[in-house]
2 protein chains.
Amino acid sequence: MAGLILLLKFIDYRLFVRDLSMEVYVGVIASIFTFFGIWMGLKFTRPKVIVKKEVIDNFTLDEKKLEETGLSDREYDVLQLMAQGLSNQEIADKLFITINTVKTHSSKVLMKLDAKRRTQAVQQAKELGILP
Amino acid sequence: MAGLILLLKFIDYRLFVRDLSMEVYVGVIASIFTFFGIWMGLKFTRPKVIVKKEVIDNFTLDEKKLEETGLSDREYDVLQLMAQGLSNQEIADKLFITINTVKTHSSKVLMKLDAKRRTQAVQQAKELGILP
DNA sequence: CTGAAAATCACCCTAAAGTATGAGCCCAAA
DNA sequence: TTTGGGCTCATACTTTAGGGTGATTTTCAG
């Protein structure tokens with residue numbers, strides 16, 4: 001970074017004192033910082049390989065975590081069916097309740113799992129170990 | 001790109017005619033092009049799969065099944081991000097494409113996986129062994 | 001070089017999901 | 001017996017997802 005500023009000063013001196021056109025000056029600055037940006041972008045956003053915690057083949061429900069979420073029985077039912085890719089209507093049919101009720105439950109599931117979408121809720125649930 | 005040049009001209013006019021200090025001018029140019037560079041860098045060097053490589057213990061991608069689905073590289077990218085619970089908009093941002101393109105991809109994913117909803121697609125994919 | 005597949009984007013429209021609010025019912029614990 | 005939590009349902013509204021179509025551009029193998 002320091003070197004960059006120095007370089008800038010240098011270019012400033014070389015170009016400015018010789019009264020070159022503004023366009024050239026701007027062009028040089030723009031080019032330099034474009035490449036600088038590219039470098040920054042690549043350096044700091046390289047995807048990292050993340051090793052995740054072990055995932056179990058034989059699923060055993062993590063009761064503690066389930067309690068911690070504060071999910072009620074019915075909400076957990078809905079969550080499980082969500083995870084199977086069912087729509088709210090299909091869930092309603094399976095549980096013999098209306099779609100309105102399912103929506104109520106699913107909203108609370110999303111809240112309690114701190115998710116914005118059902119796909120996210122399912123993902124969270126799996127990471128918590130409350131879904132296979 | 002054209003828009004960028006226009007923006008440059010605009011700033012040129014606004015700042016230059018008011019005789020502001022050179023440092024400010026250079027600073028603005030530098031900032032803009034740094035971000036431009038970051039954007040460029042990310043857009044044109046995007047790795048095949050930005051998604052974190054889930055080196056989950058006992059997950060090994062079933063390449064055969066993946067081929068059988070006929071999913072393209074990009075479609076698979078989208079599927080992975082779907083599975084993480086991201087919205088189409090969020091996926092678009094991650095892949096540096098528009099939400100429209102994401103929709104196109106996701107539609108094809110749903111077709112190829114024979115699913116009606118993204119939650120279902122994710123479920124199917126996991127059962128096929130093409131997602132952890 | 002050329003054609004096909006892949007990737008990108010746009011627009012329009014419908015369906016599903018999600019939010020907010022209110023309300024009635026049941027039941028067990030205080 | 002009151003009270004609170006869980007379950008149920010409704011209605012109205014906003015947001016997101018998904019379907020269909022068409023189009024341009026990349027890419028890549030033949």
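Within every chain, numbering begins at 1; the chains are lettered A, B, ... in the order of the sequence lines, protein sequences first and strands thereafter. All values below were derived from every heavy atom in this structure, side-chain atoms included, with hydrogens, water molecules and symmetry-related copies excluded.
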So A:His105 and A:Leu95, side chain to side chain contact (heavy atoms under 4.5 Å, CB included) or not? Walk me through it. CA-CA 12 Å; A:His105 289 320; A:Leu95 298 180; 5.9 Å; no
Test side chain to side chain contact (heavy atoms under 4.5 Å, CB included) on B:Gln123 and B:Thr119 and set out the steps. CA-CA 6 Å; B:Gln123 178 63 13; B:Thr119 42; over 6 Å; no
Can you confirm whether [X] sits close enough to [Y] that some side-chain heavy atom of one is under 4.5 Å from a side-chain heavy atom of the other?
| X | Y | answer |
| --- | --- | --- |
| A:Tyr76 | A:Leu131 | yes |
| B:Arg118 | B:Asn88 | yes |
| B:Val102 | B:Leu81 | no |

Spell out, as yes or no, whether a donor-acceptor pair under 3.5 Å connects the side chain of A:Lys112 to the backbone of A:Leu71.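 No; zero donor-acceptor contacts below 3.5 Å.
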When you measure from the side chain of A:Thr69 to the backbone of A:Leu66, do you find a donor-acceptor pair of N or O atoms at a distance under 3.5 Å?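 Indeed, once roles are kept as given, a pair shorter than 3.5 Å links the two residues.
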Identify the 5'-most and 3'-most nucleotides of DNA chain D with at least one atom closer than 4.0 Å to a non-hydrogen atom of chain B.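 Here the contact window of chain B covers D:dA17 to D:dG19.
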Compute the bend angle of the helix from C:dC1-D:dG30 to C:dA30-D:dT1 from the end axes (five pairs per end), rounded to 10°.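 Roughly 50° between the end axes, to the nearest 10°.
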Nearest 0.5 angstrom please: B:Ile91 CD1 to B:Gln80 CD, how far?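 Interatomic distance, B:Ile91 CD1 to B:Gln80 CD, rounded to 0.5 Å: 10.5 Å.
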Quick check on [N]: is either OP1 or OP2 less than 4.0 Å from any side-chain nitrogen or oxygen of [X]?
| X | N | value |
| --- | --- | --- |
| B:Arg74 | C:dA7 | no |
| A:Ser107 | C:dT19 | yes |
| B:Thr98 | C:dC9 | yes |

Classify B:Ile99 by what it touches in the nucleic acid, base, sugar-phosphate, or nothing, heavy-atom distance under 4.0 Å.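 No contact at all - B:Ile99 keeps every heavy atom at 4.0 Å or more from the nucleic acid.
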5' priority, DNA chain D, between A:Asn100 and A:Lys108 [closest heavy atom]: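 Upstream on the strand: A:Lys108.
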Could you pick out which residue, A:Lys112 or A:Ile97, lies toward the 5' side of DNA chain D when each is mapped onto its nearest nucleotide?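 That would be A:Lys112.
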Nearest whole angstrom, please: distance from the P of C:dG18 to the NZ of A:Lys116.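 So the NZ-P distance, A:Lys116 to C:dG18, works out to 13 Å.
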Rounded to whole Å, how long is the line connecting atom CD of A:Gln89 with atom P of C:dA17?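 About 9 Å, once rounded to whole Å.
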Does B:Lys103 or B:Gly70 map to a spot on DNA chain C nearer the 5' end, using the closest nucleotide for each?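 The answer here is B:Gly70.
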Taking every non-hydrogen atom, the tightest pair across B:Met82 and B:Ser106: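 That would be CE-CB, 3.2 Å.
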Which heavy atom in B:Asp114 sits nearest to a heavy atom in B:Gln124, and how many Å separate them?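 Between these two residues, the closest heavy atoms are O-NE2, 3.2 Å.
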All N/O pairs under 3.5 Å across the protein-nucleotides 22-27 of chain C interface:
none

Is any NZ, NE, NH1 or NH2 atom of the basic residue among A:Glu90 and B:Lys116 found under 4.0 Å from an Asp or Glu carboxylate oxygen of the other?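 No, A:Glu90 and B:Lys116 are not salt-bridged.
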